[in-house]
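These notes are about the structure you will find just below.
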Amino acid sequence: MEQRIRFASLAESGQFEVKELCASFGISRKTGHKWLARDRAEGTKGLADRSRAPKCVANRTDAEVERLIVSEKRLHPTWGPKKLRRILETKHGMERPPAVSTVGEVLKRHGLVKARKRRGGLFTVERGTLTAPERCNHVLGVDFKGNFPLGGGERCLGSGVAFQHLDTAPGEGDLESGGVGLAAPPGDGARSHPLKTRGDPQRKAPMFKAKRLTMALLGGAMVLAAKAVELPTMFSDHAVLQQGESVPIWGWGDPGEVVTVEFGGQKVSEKAAENGEWRVELEKLEANATARSMTVTGASSGKVEVKNLLVGEVWMASGQSNMQWTLSGTARAKEDIPAADFPAVRMFLTKNVTAVTPQRKVAGSWLETTPENAGRFSAVGYYFGLKLHRELNVPVGIICTAWGGKPSEAFTSREGLMTEPEGRALVEQLDAAMANFDADKAAEDHKKALAAWEKKVAEIKEANKTAGQKQKLPRKPGLQTNPGLNSSKPMSIYNGMIHPWVGYAMRGAIWYQGESNASRAKQYETIFPQLILDWRRLWKKELPFYFVQLANFKKPSTEPGVPDAWAELQNAQLLTLSLPKTGMAIINDIGEANDIHPRNKLDVGERLARWALAKDYGKDDIVISGPIYKGSKIDADKIRIEFDHAKGLKSRDGGPLKRFEIAGEDQKWVWADAKIDGESVIVSSKDVPKPVAVRYAWASNPEGANLVNGEGLPASLFRTDDWKLSTEK
């Protein structure tokens, strides 16, 4: 409530954009607009609530402020001092945040300021071998003696180009008399990067005139150089590496150079390919909670050190908003965030980004569990990881790749979706949309819409000013983009967020998703297993995959036999348990009728952890699940239902079992009598003398469903029939 009030208050102040506030508060834009609508509907009561809203803490110590700045910068590496200052005000509630210059000083003190790149200009070098102080783009060089090119070759790394150290021989551009060069990105104009020299330089060379330099460079070759080998973001400070199996390490360097990786007493080398890519594998590592460093050295491109690495268990936490939901928005936030001091539990928050083709890099950072960081963690991922850490006493790393409101096919590769007709149809629909997309027409349409919008805004503002009206301004029209970049389309999230992780050593994955596929529940029976099999193919092993069955939601139903897409999606998840090494956390007892995001994420994370602890870590004494339908047998006017995980079968409230339905061949459902018999349930009804099918908890919100096992874990919904579903075409 306090979070919503503060959000609405800041939004209505006009100082901040809604999308910016949503990012600060860790919520979706849809949720943000819902909060605003709810606040406005409350009218004066909402205003009164805001007036009583707790004021932001203004008396924080300098040390506390500094920790917040550092944690936010590490979480969002691209944000500058001005943006960070605003986050201190919106997210952390500082009425008087430090000045932009003060924030900048903190960033400098912690080495978090990104070096500025000077645009254009020339640089001089001394006699010796050229080296670059930082990674840059295309570099052209020529010496003063005879305008010979200083080297050759070209290698592109993403949006930029790295370049080699240049050891030139006489007659091929030696630097006996010095030289000059120009560094420029491909297509974005010039950027100068001062180049230093190695060896024993005798004197600095004079600066060339720009015209003469240009003429000389036109005949020269492009020279490439780099400060150090490059590692993808996942191999960065505070990372957790997987124990008990070989650990691949990869990156980019100079073509043909030997790259050496050193960690944990191991030293492994490999020659970089012609495109600069290299990959090595560390032998099996033992769990270790002592922070250690890993060094990666390129024979010609230099050295990089990754600090504070631990070895333990690594899991990917993916799905949509209920997996993305932050710890700060949960029922236990006030007590669990201040207590979140677990340096051996870490989470990588992957930046949400889409792509048309598979990417090799991903944005984000590894964060230690501290009160300053934990509020932005995936709550389900955090509780899952914390449970493993406490039970196994080893470091745990959680890779969060969740994105609210997105369907499962967006997390699956093209190859994975093409294996079945249902997935192939989704890919073909997208391909057709992309083929029909005209970027020029989209730009022209946007230009016209923008002009019309500006005219309308001007008219409304004038009317508001002259007539004293308060008419709301229309939303600014957006530019239509490539359909392949739409985060709700097939492969888009996989290309941008999952593919870069492929090959990273990890134990398995946990998944909380399905809400966005509920209207296509029958299709989900195929495309959800496609995702699991796809990830296993990509990682080249049978990854354990544990998922959450959707929680109870919406208005409780009161009649049997009502078609329900939500229940059909839950059933599709249940059917996915036929795949090996899968498990399902049943949570139809903790949902909220009016909120698709249950605030109890502790039970969700720990119920997922039960599967991992029992199936992957040998904890045989753990009850992994509530009752799951195993089979049925018709006996005259009764049907016996058998379950797995049914030891101690009982009703939660001690009363009669509820929400069992029974039907005959006429497919007319009625409420049934259900009685526990050992680890089975016998279902019957005097109104159905010849029963053929039973269903349990078949509703979005099956209020009253009370079948549990001895551990108190709820039974999943199920059906014994194969009759056509409402989402089946």
Side-chain angles (χ1 to χ4, degrees), residues 549-564 566-571 573-574 584-594 598 600 603 607 610 623-721 723:
Q549 190 181 49
L550 294 187
N552 48 309
F553 175 54
K554 300 181 181 179
K555 184 179 179 179
S557 63
T558 58
E559 298 297 326
V562 178
D564 195 309
W566 196 265
E568 293 174 21
L569 194 287
Q570 290 176 314
N571 184 64
Q573 294 172 317
L574 176 66
M584 183 177 73
I586 303 163
I587 61 167
N588 60 18
D589 59 333
I590 65 174
E592 300 177 25
N594 299 317
N600 178 1
D603 284 338
R607 288 180 189 180
R610 286 175 178 268
V623 178
I624 61 177
S625 174
I628 293 178
Y629 173 72
K630 181 169 64 175
S632 64
K633 181 179 179 181
I634 300 175
D635 184 8
D637 60 347
K638 300 178 178 64
I639 299 180
R640 179 181 292 271
I641 309 298
E642 297 180 341
F643 300 90
D644 289 321
H645 317 296
K647 186 175 181 180
L649 209 59
K650 61 182 181 180
S651 71
R652 180 187 294 107
D653 52 13
L657 295 181
K658 299 178 181 179
R659 303 300 305 206
F660 280 88
E661 307 172 32
I662 195 167
E665 291 183 353
D666 59 3
Q667 300 187 18
K668 294 181 179 180
W669 296 96
V670 300
W671 293 124
D673 297 319
K675 296 182 179 180
I676 295 171
D677 183 21
E679 295 185 2
S680 300
V681 173
I682 298 176
V683 186
S684 63
S685 172
K686 58 183 176 64
D687 297 323
V688 185
K690 294 183 178 181
V692 297
V694 170
R695 290 181 179 181
Y696 170 71
W698 196 268
S700 299
N701 192 353
E703 188 175 57
N706 58 353
L707 181 63
V708 299
N709 58 16
E711 191 75 3
L713 296 173
S716 167
L717 98 170
F718 67 85
R719 68 170 185 156
T720 67
D721 63 279
W723 299 335

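Keep in mind the model is a prediction, meaning the values are calculated, not measured. Along the sequence shown, residues carry numbers from 1.
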Under 3.5 Å, side-chain donor or acceptor atoms of residues 684-698 against the rest of the protein: list the pairs with distances, not counting sequence neighbours.
unit_1	atom_1	unit_2	atom_2	d
Ser685	OG	Asp687	N	3.2
Arg695	NE	Asp721	OD1	3.0
Arg695	NH2	Asp721	OD2	3.0
Tyr696	OH	Asn706	N	3.3
Tyr696	OH	Leu707	N	3.1

Under a 4.5 Å cut-off applied to non-hydrogen side-chain atoms, are Ile639 and Ile682 in contact? no

Looking at side-chain heavy atoms only, is the closest gap between Leu657 and Lys675 below 4.5 Å? no

Exercise: identify the closest heavy-atom pair between [X] and [Y]:
| X | Y | answer |
| --- | --- | --- |
| Ala567 | Ala699 | CB-N, 3.6 Å |
| Val708 | Pro627 | C-CG, 4.0 Å |
| Ala593 | Asn701 | CB-ND2, 3.6 Å |
| Asn571 | Leu717 | N-CD2, 3.8 Å |
| Leu649 | Glu679 | CD2-C, 3.9 Å |

Gap between atom CZ of Arg659 and atom OG of Ser557 - 0.5 Å precision: 3.5 Å

With salt bridge (charged side-chain N to carboxylate O under 4.0 Å, His left out) as the rule and sequence neighbours excluded, what pairs involving residues 639-655 come up? Lys630-Asp644, Arg640-Asp677

Show every salt bridge (charged side-chain N to carboxylate O under 4.0 Å, His left out) that has at least one partner inside residues 696-710, sequence neighbours left out. none

Has the side chain of [X] got a donor or acceptor atom that lies under 3.5 Å from a matching backbone atom of [Y]?
| X | Y | answer |
| --- | --- | --- |
| Asp564 | Ser700 | yes |
| Gln549 | Gln573 | no |
| Asn552 | Pro702 | no |

Could you go through residues 660-672 and list every donor-acceptor pair under 3.5 Å that involves a side-chain atom there, pairing it with any protein atom two or more places apart or in another chain?
unit_1	atom_1	unit_2	atom_2	d
Glu661	OE1	Gly561	N	2.9
Asp666	OD1	Lys668	N	3.1

For Ser625, side chain to side chain contact (heavy atoms under 4.5 Å, CB included) partners two or more places apart: Ile586, Trp611, Ile628, His645

Given Arg607 and Asp589, is the salt bridge (Lys or Arg N to Asp or Glu O under 4.0 Å) satisfied, shown in steps? CA-CA 12 Å; Arg607 288 180 189 180; Asp589 59 333; 3.0 Å; yes

Would the number of heavy atoms belonging to other residues, nucleotides or ligands and lying under 6.0 Å from CG of Asp635 be above 12? no

Phe553 vs Trp566 aromatic rings, parallel, tilted or perpendicular, using cut-offs 30° and 60°? tilted

Could you give me the CA-CA distance, side-chain angles and deciding distance for Glu568 and Arg719, then say whether side chain to side chain contact (heavy atoms under 4.5 Å, CB included) is met? CA-CA 10 Å; Glu568 293 174 21; Arg719 68 170 185 156; over 6 Å; no

Can you list the steps and then say if Asn594 with Lys554 is a side chain to side chain contact (heavy atoms under 4.5 Å, CB included)? CA-CA 6 Å; Asn594 299 317; Lys554 300 181 181 179; over 6 Å; no

Between Ser716 and Gln570, a side-chain donor and acceptor under 3.5 Å: no

Got a sec, which residues hit side-chain hydrogen bond (donor to acceptor under 3.5 Å, both in side chains) with Asn709, two or more places apart in sequence or on another chain? none

